[in-house]
Amino acid sequence: MKDLVKYIVDTLTGDADVTVEYADDKPTEIVISASKDDIGKVIGKQGRIAKSIRTIVKAASGKQGKHKFYTVSIVEKDGCLLYTSDAAD
């Protein structure tokens with residue numbers, strides 16, 4: 001899943017980090033970290049690109065038979081959280 005999101009984000013920005021955080025009792029979280037200049041490209045107008053990334057992640061997890069709920073978070077490289085969304089939305 002990380003490779004899929006990394007490919008999408010790199011196509012948009014060229015310079016972003018994607019990490020996956022796992023927790024036993026919480027959903028898996030995919031964190032996209034981008035520079036201040038590129039953050040708008042990842043979120044998009046009214047969050048449309050971020051929602052699309054979340055939709056693609058949800059579809060890909062279903063296709064793999066995992067059916068996990070992922071939280072997609074977008075942060076600036078300095079650590080400021082700008083967008084978060086559950087895949088169940």
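Note: hydrogens, waters and symmetry copies are ignored here, and every other heavy atom, side chains too, is used.
Interatomic distance, CD1 of I74 versus CZ of R54, reported as 11.0 Å (0.5 Å rounding).
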Give the table of side-chain donor-acceptor pairs shorter than 3.5 Å for residues 3-18, with sequence neighbours excluded, one pair per line with atom names and distance.
{"from": "K6", "atom 1": "NZ", "to": "A16", "atom 2": "O", "distance (Å)": "2.5"}
{"from": "T11", "atom 1": "OG1", "to": "Y7", "atom 2": "O", "distance (Å)": "2.7"}
{"from": "T13", "atom 1": "OG1", "to": "V9", "atom 2": "O", "distance (Å)": "3.0"}
{"from": "T13", "atom 1": "OG1", "to": "D15", "atom 2": "N", "distance (Å)": "3.2"}
{"from": "D17", "atom 1": "OD2", "to": "K77", "atom 2": "NZ", "distance (Å)": "3.3"}

Donor-acceptor pairs are to be reported for all side-chain atoms of residues 30-42 against protein atoms at under 3.5 Å, with residues two or more places apart or in another chain.
{"from": "S35", "atom 1": "OG", "to": "D38", "atom 2": "OD2", "distance (Å)": "3.4"}

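Put simply, the side chain of V72 does not reach to within 4.5 Å of the side chain of T84, judged on heavy atoms.
The cluster map of Ile, Leu, Val, Met, Phe, Trp and Tyr, joined by side-chain heavy atoms under 4.5 Å apart, puts I43 and I56 in the same cluster.
The heavy-atom pair separating L81 from S73 by the smallest distance is CD1-CB, 4.0 Å.
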